[in-house]
Each structure stands twice: as structure tokens, then as C-alpha cells.
Amino acid sequence: MTTIIAGWLCPPGPPQPGWLAIGDDGLIAEVGVDASPHRPDVDLGYTLLAPGLVDLQVNGLDAADLSTAAEEGWRDVGAELLRRGVTAYCPTFVSAPLEQYPAMLERAAAARAAGDHDNPGAALLGVHLEGPFLGLAPGAHPRDAIRTADADALTVLLDHVPDLIRMVTLAPEADPDCHAIRLLAARGVTVALGHSICTYDEALAATDAGASVVTHLFNCTGSMHHREPGLAGAGLDDERLTPTLIADLVHVHFAVLRVALMSKSNVAVVSDTVATSAGDVMSRDGAVCLGDGTFAGATTTLDGALRNLVAIGVPIERAVEVTSTIPTRVLGLTDRGCLEPGRRADVIALDPSTLALRGVWRAGRRVSAG
């Protein structure tokens with residue numbers, strides 16, 4: 001067992017001095033906020049310990065687009081995410097012709113298997129399909145790939161690599177009878193609503209059928225009017241829905257971020273990072289845009305998003321909750337996301353003043369000194 005003491009623990013909850021003990025099985029064995037009964041093996045001094053970050057939406061990073069990346073690209077993305085404090089993530093594929101998905105899923109499955117054996121980077125929790133069953137707010141998704149929901153096609157994809165697809169974003173108007181939503185929910189897949197101009201009532205009907213998330217709230221979720229709140233309003237109002245937000249301070253104004261985080265407890269922050277090497281995109285003010293200015297994703301990873309939240313006045317314990325604890329709940333996971341006994345020892349150490357990373361542990365093994 002390894003005992004670590006630090007200036008502050010944020011398990012989450014208000015930071016307080018404390019310690020944790022990690023067992024040889026890679027799980028947290030004990031957590032305390034008083035003096036440790038064990039002789040400390042690691043004294044981190046003036047640092048803050050928090051659970052590792054969990055990102056539900058990673059399309060790519062730097063030069064690697066996960067929809068096309070080979071083994072090396074997947075390995076580079078996983079290693080870089082872990083270096084930045086992201087201990088687990090969902091690789092995300094945007095809309096593409098249906099016949100292209102099997103190969104993408106096979107590459108993701110190979111990357112997950114390699115990670116399980118070699119432990120080189122952030123854990124791959126499962127694939128997030130963002131499309132192709134989207135609506136009339138496609139954003140940067142290719143229009144010719146968007147189509148109405150097809151339960152048979154979804155079944156083929158779900159069965160192609162079992163237990164790999166963990167989350168699907170679709171639009172209510174692409175699935176008006178909610179057949180696809182019910183299928184996905186019955187198969188244990190988290191259903192997110194997004195890229196849609198659906199009405200509030202349509203969003204609630206989809207939620208009744210099993211949807212539980214709104215993908216990147218305010219971005220491609222239609223306008224929120226005081227007489228027609230739409231999907232954004234449903235995401236903020238209905239407690240069954242967890243809205244995700246991009247906190248790069250470009251996609252959503254900082255004041256709106258603060259309002260959303262104050263208005264609702266169950267909010268998750270995602271990065272929505274994308275590769276920046278494609279010839280048809282350009283980076284602008286931290287966001288990635290198409291030639292016509294349409295946002296295509298972000299470049300700020302989740303550690304930067306956490307720092308952004310604190311910089312705009314969000315308490316550190318709330319910033320930790322929305323970048324780690326709540327994302328794990330979205331996927332129904334109970335093995336990570338908090339510093340408490342029995343959870344995976346996925347841990348990050350932060351400088352309490354700057355929130356710069358000072359260390360990263362994955363399953364109890366220190367993998368980065370920050």
C-alpha cells in the first residue's frame with residue numbers, strides 16, 4: 001500500500017488537508033482528512049489532489065483525428081490526454097456514411113485492447129457516436145452523411161464490436177417515433193440529444209423514451225426563447241437530462257457558463273477537441289473553425305477547461321465535479337470519479353494557486369510528474 005499526503009484533497013467537496021492510501025490492486029484503500037495513521041510514502045506538500053478528469057467527447061488532438069487514426073495516432077492521443085490529467089475518455093466519431101463505421105469501431109477496439117494490456121495512456125471508456133442521426137443544426141458535420149435514425153443499422157453497429165459504443169448523440173427530429181432511442185437505452189447505451197432544433201416537448205418525449213444527456217448545450221441546440229425554450233431549455237429544466245458544456249470560453253460565453261452551472265447541479269464539461277491538421281479547418285481564438293467560420297470543435301483539453309472554470313469564479317470543488325464526477329455518472333460508472341475507498345486510484349495533483357498539473361496517477365501508478 002502507498003500512502004500519499006497533500007496540502008489539500010478535493011474528493012470532490014471543499015478542499016481540505018488530507019491523505020489517501022492506494023492498494024496494490026490500483027484502488028483507493030483509505031481516505032482521511034486528519035493526520036494519517038500510516039507513515040507517508042509520498043509527501044506532495046502544497047498540492048491539491050483530485051480525481052482524474054473524464055472527457056466524454058474527444059474527436060482528436062493535435063495531428064490525430066480518431067476517426068481515421070492508425071495505432072500510433074491512438075497511442076499518441078491517449079498518452080497526451082493522460083499527461084494533461086485526463087485519465088479516461090470517450091473517443092468521438094462525427095457523422096460519416098454508415099459503411100465507414102465498422103472500420104472506425106475496429107480501430108477503437110484495437111486501441112482499447114492495447115491500452116488495457118500496455119497501459120500507455122488515458123483509459124478508453126467506449127466510443128461516442130456523434131451522429132449520423134442528426135437534425136437541422138448540423139454545425140460542422142457533413143450534410144451528406146446526416147440521415148434519419150435507423151434501428152436496424154444501429155443494431156448492426158452495436159453488434160459489430162459488442163460493448164464498445166457507450167454513447168450516441170442523435171436529434172429527436174431524426175427519430176420522431178423514438179425507436180432508436182429506446183433501442184439504445186435498452187442496450188445500455190447513453191443517449192444524448194444534440195445538433196437539433198427540436199421543441200421543448202419533443203425533447204421531453206425523447207427523454208421519456210430514454211435520453212439522458214444534451215450534447216454541448218447552446219452549441220447546435222437551437223435558440224432558447226422565453227416562449228419556446230427548445231432543447232437548451234429542456235436540458236436546463238429537466239432533471240433527467242445532464243447537459244454537457246464546452247468550457248474553452250469561445251464556444252460559450254463565460255457568463256452563460258456560470259449561469260448554467262448555477263442553474264443546474266448535474267452538468268458535465270467536455271472538451272470536444274478535434275485534430276487541427278486537416279486542410280479545411282483553421283484554429284481561431286482556441287476554437288477550430290471551417291473556412292466559413294462554423295465552429296468545428298475545440299483545442300482546449302479538459303485540464304484547461306477546469307482552469308477556465310475557476311478563472312471565471314467557479315469554485316474548485318464544482319470545477320472538479322463537472323470535469324470528473326458527473327461525467328462518470330453520465331456513463332453509469334461507479335468505479336472512478338471520486339477519491340473514496342473502492343474507487344480506481346485515478347488521481348491528479350494540482351498546484352492550488354495556478355491549477356497547473358503536478359502529477360497524474362492511473363490505477364495507482366504515477367505516470368506523469370506534471
Side-chain angles (χ1 to χ4, degrees), residues 12 50-62 64-67 69 73-94 108 111-112 115 120-130 164-169 190 192 194 213-217 219 242-249 251-252 257 266-276 286-288 297-309 319-333 335-338 344 346-348 350 355 357 360-362 367-368:
L53 307 176
V54 178
D55 198 339
L56 301 175
Q57 193 164 357
V58 178
N59 304 276
L61 191 64
D62 299 331
D65 182 338
L66 293 178
S67 65
W74 282 89
R75 187 169 57 249
D76 290 347
V77 169
E80 183 61 17
L81 287 174
L82 191 61
R83 191 184 71 80
R84 300 187 191 192
V86 179
T87 54
Y89 76 110
C90 287
T92 303
F93 301 146
V94 299
R112 182 172 65 174
L124 197 160
L125 297 174
V127 167
H128 175 182
L129 298 184
E130 188 186 4
L164 179 64
I165 298 174
R166 292 296 297 264
M167 187 171 179
V168 172
T169 294
T190 298
V213 176
V214 176
T215 290
H216 45 52
L217 190 71
N219 298 119
T242 299
T244 69
L245 284 159
I246 302 170
D248 61 356
L249 305 185
H251 279 76
V252 181
L257 281 173
N266 58 318
V267 173
V269 168
V270 298
S271 71
D272 197 22
T273 55
V274 297
T276 56
V288 176
T299 58
T300 301
T301 47
L302 214 52
D303 59 319
L306 183 146
R307 288 190 289 272
N308 286 343
L309 292 173
V320 167
E321 183 182 42
V322 300
T323 54
S324 180
T325 309
I326 295 175
T328 63
R329 290 181 196 157
V330 164
L331 297 180
L333 300 174
D335 64 339
R336 65 193 79 212
C338 292
R344 279 175 54 102
D346 290 349
V347 182
I348 58 174
L350 302 167
L355 300 183
L357 279 163
V360 181
W361 290 257
R362 183 185 189 270
V367 294
S368 172

Shortest non-hydrogen contact from Gly73 toward Ala64
O-CB, 4.0 Å

Step-by-step side-chain contact (heavy atoms from CB on, under 4.5 Å) determination, Arg112 to Leu164:
CA-CA 9 Å; Arg112 182 172 65 174; Leu164 179 64; 3.7 Å; yes

Counting only N and O atoms by type, is there a donor-acceptor contact under 3.5 Å from the side chain of Arg84 to the main-chain atoms of Thr301?
no

Hey, does Leu257 have a side-chain heavy atom less than 4.5 Å from the side chain of Leu249?
yes

Would you check, one step at a time, whether the test side-chain contact (heavy atoms from CB on, under 4.5 Å) holds for Leu66 with Tyr89?
CA-CA 12 Å; Leu66 293 178; Tyr89 76 110; 4.1 Å; yes

Residues Asn59 and Asp65: side-chain donor-acceptor under 3.5 angstrom
no

Atom of Arg83, atom of Val360 and distance for their closest heavy-atom approach:
O-CG2, 4.3 Å

Heavy-atom check, side chain of Val270 versus side chain of Ile246, under 4.5 Å:
yes

With a 4.5 Å heavy-atom cut-off, do Arg329 and Asn266 have their side chains touching?
no

Counting C-beta onward and ignoring hydrogens, is there a side-chain heavy-atom pair between Pro91 and Leu124 closer than 4.5 Å?
yes

Take Leu125 and Thr328, measure what side-chain contact (heavy atoms from CB on, under 4.5 Å) needs, and give me the verdict at the end.
CA-CA 10 Å; Leu125 297 174; Thr328 63; over 6 Å; no

So, does Thr244 use its side chain to make a donor-acceptor pair with the main chain of Thr242 at under 3.5 Å?
no

Looking only at atom types and distance, does a side-chain atom of Thr273 sit under 3.5 Å from a main-chain N or O of Gly60, one as donor and one as acceptor?
yes

Under the side chain to side chain donor-acceptor pair (under 3.5 Å) test, residues paired with Asp55 that sit two or more places apart:
Ser271

Minimum side-chain heavy-atom gap His251-His216 below 4.5 Å:
no

Between Val213 and Met167, does the side-chain contact (heavy atoms from CB on, under 4.5 Å) criterion hold? Intermediate values first, please.
CA-CA 9 Å; Val213 176; Met167 187 171 179; 3.7 Å; yes

Short question: side chain of Ser324, backbone of Gly52 - any donor-acceptor pair under 3.5 Å?
yes

From the list Leu61, Leu82, Val86, side-chain contact (heavy atoms from CB on, under 4.5 Å) partner of Val77 resolves to Leu61

Whether the side chain of Trp74 engages the backbone of Ala108 through a donor-acceptor N/O pair (distance < 3.5 Å, no angle test) should be reported.
no

